[in-house]
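Heavy atoms only: backbone and side chains are in, while hydrogens, waters and symmetry mates are out. Counting starts at 1 for both ligands and their atoms, following the listed order.
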Amino acid sequence: MARIYLDHAATTPLDNGILEKMLPYFTMEFGNADSPHATGRKAMNAVDFARDNVAELINAKPNEVFFTSGGTEADNWALQGGAYAAKEKGKTHIILSAIEHHAVLGAAEKLQREGFDVTYLPVNEGGRVELNSLKAALTEQTGLVAVMAANNETGVLQPIQELAEIAHSVGAVFFTDGVQAAPYMPIDVKAWGVDMLSMSSHKFYGPKGCGVLYIKNGVKVKGLIVGGEQERGLRGGTTNVPAVVGFSAAYRKATAEMAENNEKICAVRKAFLEGISALNGVQINGEGLPAVLNLRIKGVNNVDLVYKMDLEGVSIAAGSACASASIKPSHVLLAMGMSEEQAKECVRISFGKNNTEEEAYEAAKIFVSVVEKLRKN
Ligand SMILES: Cc1ncc(COP(=O)(O)O)c(C=O)c1O
């Protein structure tokens with residue numbers, strides 16, 4: 001059997017038809033979108049079309065959509081740009097959940113070194129931020145609150161609308177990392193009540209290296225990358241036109257197919273869980289997005305399990321892709337109350353729209369046999 005890929009939270013393959021939409025902007029329509037001549041204008045038209053498309057899909061206005069080099073840049077921008085703007089109003093306190101992606105955590109650590117006060121919100125055993133903990137952490141000094149919509153390691157969803165309302169009660173700006181939620185949930189920035197939201201194209205079968213930061217009109221955010229007037233003077237750098245075109249086309253497709261894809265993924269997840277049901281000592285860590293399954297396999301080291309599964313032709317992860325090169329236990333699972341030893345027994349299996357139930361049963365069979373062998377050693 002061909003390799004079975006169960007690591008869609010790390011990245012997804014480019015979808016059918018997306019490359020074809022991108023190709024002309026590498027070759028025939030290669031213009032710099034900021035050049036005023038016809039070659040440049042053609043490229044800019046494609047960027048404008050993409051911006052309008054994304055804006056419509058997330059219920060924003062086109063001038064609220066900013067293209068970036070990916071989710072990491074969008075997260076860095078939201079945190080730093082939001083915090084620096086808040087500081088100008090005398091607000092130097094920021095709040096974020098303890099389970100944010102490293103792109104957000106790293107930016108917060110930088111801000112802390114620069115003198116900002118940072119509060120990390122705990123999560124409960126199920127991986128959710130409690131509304132009361134945000135209420136308790138807010139002060140008149142709070143300028144920015146960041147809580148992700150869906151976690152990349154567990155798939156757990158957060159009550160974004162309620163959290164945003166609470167943040168607004170002291171006039172703080174509310175940012176949500178929507179990178180993992182975007183492929184599976186319709187995003188409506190107005191209904192969610194968020195001021196900023198990040199997305200990344202390679203999580204919904206678009207190209208790598210392209211993201212979006214939504215910034216609500218009227219919300220003050222400083223630019224992060226200087227040296228050019230692109231993205232309304234807030235994000236310097238020649239626009240990556242093919243990637244922007246790919247982002248837009250892939251997100252349109254993902255949104256149109258969302259219900260159908262979610263249904264497929266639920267069936268695949270069910271098949272995998274059925275296939276491993278004979279194993280004892282298995283615990284599911286937090287539940288939310290059906291695509292993400294975080295399992296603790298008692299008595300088995302996650303790095304060994306991922307390695308052996310790989311040798312057997314199945315790609316899974318021991319946490320997030322960014323952390324998988326390190327052997328540190330997951331900060332997300334620790335925040336959910338696990339010990340370091342328990343967290344090192346956890347793996348992330350993430351399903352995609354192209355997985356079949358047959359593959360899920362096959363992967364589960366391999367998983368059971370690998371776990372049994374590892375437990376005997
Ligand atoms: C929740 C979350 N935020 C941000 C990122 C970073 O996105 P990118 O890979 O586009 O830099 C990821 C990627 O794994 C993610 O899962």
Side-chain angles (χ1 to χ4, degrees), residues 5-14 18 54 65-82 96-110 123 127-129 146-158 160 163 175-185 187 192 194 196-214 224-225 235 237 240 242-244 246-248 250-251 254 286 288-289 291-294 315-326 330-333 335 348-352:
Y5 182 78
L6 301 180
D7 198 13
H8 293 82
T11 196
T12 55
L14 201 66
I18 306 299
V54 174
V65 172
F66 296 81
F67 288 108
T68 68
S69 66
T72 300
E73 184 193 325
D75 284 354
N76 267 270
W77 183 6
L79 262 276
Q80 296 178 68
L96 56 146
S97 85
I99 58 162
E100 294 298 301
H101 187 269
H102 284 287
V104 171
L105 291 176
E109 283 159 18
K110 177 172 179 278
V123 293
R128 269 173 67 107
V129 172
V147 180
M148 69 203 314
N151 184 263
N152 47 302
E153 293 189 33
T154 61
V156 171
L157 306 173
Q158 301 297 337
I160 294 307
L163 291 165
F175 162 64
T176 191
D177 174 331
V179 168
Q180 292 289 339
Y184 309 109
M185 305 166 62
I187 291 180
W192 290 17
V194 297
M196 291 191 277
L197 177 140
S198 60
M199 299 167 75
S200 173
S201 145
H202 72 106
K203 307 294 182 181
F204 45 76
Y205 305 86
K208 292 169 184 58
C210 192
V212 153
L213 182 63
Y214 155 79
L224 190 65
I225 300 182
R235 197 267 179 188
N240 186 348
V244 162
F247 181 116
S248 157
Y251 190 49
L289 296 176
V292 184
L293 178 63
N294 196 301
S315 305
I316 63 167
S320 70
C322 319
S324 54
S326 69
S330 147
H331 68 286
V332 176
L333 299 175
R348 179 187 70 185
I349 295 153
S350 47
F351 307 104

**Message:** If the cut-off is 4.0 Å to any non-hydrogen atom of His202, which atoms of ligand 1 fall inside it?
**Reply:** 8 (P), 9 (O), 10 (O)

**Asked** Is there a donor-acceptor pair under 3.5 Å between the side chain of Lys203 and the backbone N or O of Pro183?
**Response** no

**Request:** Sequence neighbours left out, what passes side-chain contact (heavy atoms from CB on, under 4.5 Å) with Ser330? Give chain and number order.
**Result:** Glu153, Val332, Leu333

**Fill in**
Candidates Ala74, Ala10, Gly211, Ser200; heavy atom nearest atom 10 (O) of ligand 1 found on Ser200

**Prompt:** Using heavy atoms and a threshold below 4.0 Å, how should the contact between Glu73 and ligand 1 be classified: side chain, backbone, both, or neither?
**Reply:** neither

**Heavy-atom nearest neighbour of atom 7 (O) of ligand 1 within options Ala149, Ser198, Gly71** = Gly71

**Message:** Can you name the atoms of ligand 1, numbered from 1 with element, that are less than 4.0 Å from a heavy atom of Thr72?
**Reply:** 6 (C), 7 (O), 8 (P), 11 (O)

**Item:** Within the 6.0 Å centroid threshold, strictly below: Phe204 and Tyr184
**Value:** no

**Request:** Could you list which atoms of ligand 1 come closer than 4.0 Å to a heavy atom of Gln180?
**Result:** 1 (C), 15 (C), 16 (O)

**Prompt:** In a check of side chain to side chain contact (heavy atoms under 4.5 Å, CB included) between Ser97 and each of Asn151, Val129, Leu105, which one passes?
**Reply:** Val129

**Asked** Going by the atom numbers of ligand 1, which of them fall below 4.0 Å from some non-hydrogen atom of Gly70?
**Response** 10 (O)

**Asked** Taking non-hydrogen atoms only, is Val179 closer than 4.0 angstrom to ligand 1 via side chain, backbone, both or neither?
**Response** side chain

**Prompt:** Ser201 side chain to Lys208 main-chain N or O, any donor-acceptor pair under 3.5 Å?
**Reply:** no

**Fill in**
Here the atoms of ligand 1 under 4.0 Å from any heavy atom belonging to Asp177 are 1 (C), 2 (C), 3 (N), 4 (C)

**Atoms of ligand 1 close to Met148 [distance to a heavy atom under 4.0 angstrom, numbered from 1]** = 1 (C)

**Asked** Considering only heavy atoms of Asp75, which atoms of ligand 1 have at least one such atom less than 4.0 Å away?
**Response** 3 (N), 4 (C)

**Asked** At a non-hydrogen distance cut-off of under 4.0 Å, which region of Lys208 contacts ligand 1 (side chain, backbone, both, or neither)?
**Response** neither

**Message:** Let's go through Ile225 and Glu73 carefully: what are the C-alpha distance in whole Å and the side-chain angles of both, what is the deciding distance for side-chain contact (heavy atoms from CB on, under 4.5 Å) to 0.1 Å, and is it a yes or a no?
**Reply:** CA-CA 10 Å; Ile225 300 182; Glu73 184 193 325; 3.5 Å; yes

**Qualifying residue, where the test is ring-ring contact (aromatic ring centres under 6.0 Å, His included) with Phe66 and the options are Phe247, Trp77, Tyr214** = Trp77

**Message:** Hydrogens and angles aside, do Asn294 and Thr154 bring a side-chain donor and acceptor to less than 3.5 Å of each other?
**Reply:** no

